[in-house]
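Structure first, commentary second.
Just so you know, residue 1 is the first one in the sequence shown, and it goes up from there.
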Amino acid sequence: MNKIRKYSYKRRMHTLFKNPMFWLLTFIGNLIIFIGSVLLYYFESAQSFSKLEFIDCLLWSTSLTTTIGYNTFVPISFAGKITVIAMMLLGTLFVWSYMAFLVTALIAPELSMLEHEMQKVEVDLLKLKSEK
């Protein structure tokens, strides 16, 4: 069991940050948020009854993409509604991918060590069976 603890989380995070896929997913997620904010601001600023600022669109876009769903306003224009639907779908896909990647990066070393230990146990069991 001590072998499992050898591979520290600090080292895993360092390995994670060196992985280009981590940075690609981070870039894509931030790009979804920024483009969604710009589109929401463009489509909804003229349609909104109250004064809509870009920071409001950025906040809403971030909450949609991260699937938190904080709701400060409802889009009025058809294009704004389509933008929100697209952000919900892309945000869900993004969060699933990002979380799967993070969990794999943090847990994969322990899983491979456990698999190696299981293989050793299986070999020992085969030896015991053959001795009978």
Using 0.5 Å steps for rounding, measure from the CG atom of L111 to the CE atom of M113. 10.0 Å

Under a 4.5 Å side-chain heavy-atom rule over Ile, Leu, Val, Met, Phe, Trp and Tyr, are I85 and L39 clustered together? no

Would you say that I55 contacts L59 through its side chain, given a criterion of any heavy-atom pair below 4.5 Å between the two side chains? no

Establish whether V95 and L24 are linked, either directly or via other cluster members, by ILVMFWY side-chain heavy-atom contacts under 4.5 Å. yes

Are the side chains of M88 and V84 in touch, meaning some heavy atoms are under 4.5 Å apart? yes

Membership question, hydrophobic clusters at under 4.5 Å side-chain separation (ILVMFWY): are M99 and F101 in the same one? yes

To the nearest 0.5 Å, how far apart are CG in L64 and CD1 in I33? 10.0 Å

With a 4.5 Å heavy-atom cut-off, do Y41 and S61 have their side chains touching? no

Distance check, rounded to the nearest 0.5 Å: F94 atom CZ versus L31 atom CG? 10.5 Å

Any side-chain heavy atom of F54 sitting closer than 4.5 Å to one from S37? yes

Taking the side chain as C-beta and beyond, is there a heavy-atom pair between T26 and Y98 under 4.5 Å? yes

CD1 of I28 to CE of M21, rounded to nearest 0.5 Å, is 8.0 Å

Would the distance check show the side chain of N30 and the main-chain N or O of F27 forming a donor-acceptor pair, the cut-off being under 3.5 Å? no

In terms of hydrophobic clusters joined by side-chain contacts under 4.5 Å, are I107 and M118 together? no

Return the NZ to CD distance between K120 and E115, rounded to the nearest 0.5 Å. 13.0 Å

Neighbour count >12 (heavy atoms, 6.0 Å) for atom CZ, F22: yes

Are L58 and L40 linked, directly or through intermediate hydrophobic residues, by side-chain heavy-atom contacts shorter than 4.5 Å (ILVMFWY only)? no

Quick check on side-chain contact (heavy atoms from CB on, under 4.5 Å): which of I35, T92, T65 does M87 satisfy it with? T65

Which atom names give the shortest non-hydrogen contact between G80 and S77, and what distance separates them? N-OG, 3.0 Å

Mind checking whether C57 and L52 have side chains closer than 4.5 Å, heavy atoms only? yes

Measuring from atom OG1 of T62 to atom CZ of F34, what distance do you get when rounded to the nearest 0.5 angstrom? 11.5 Å

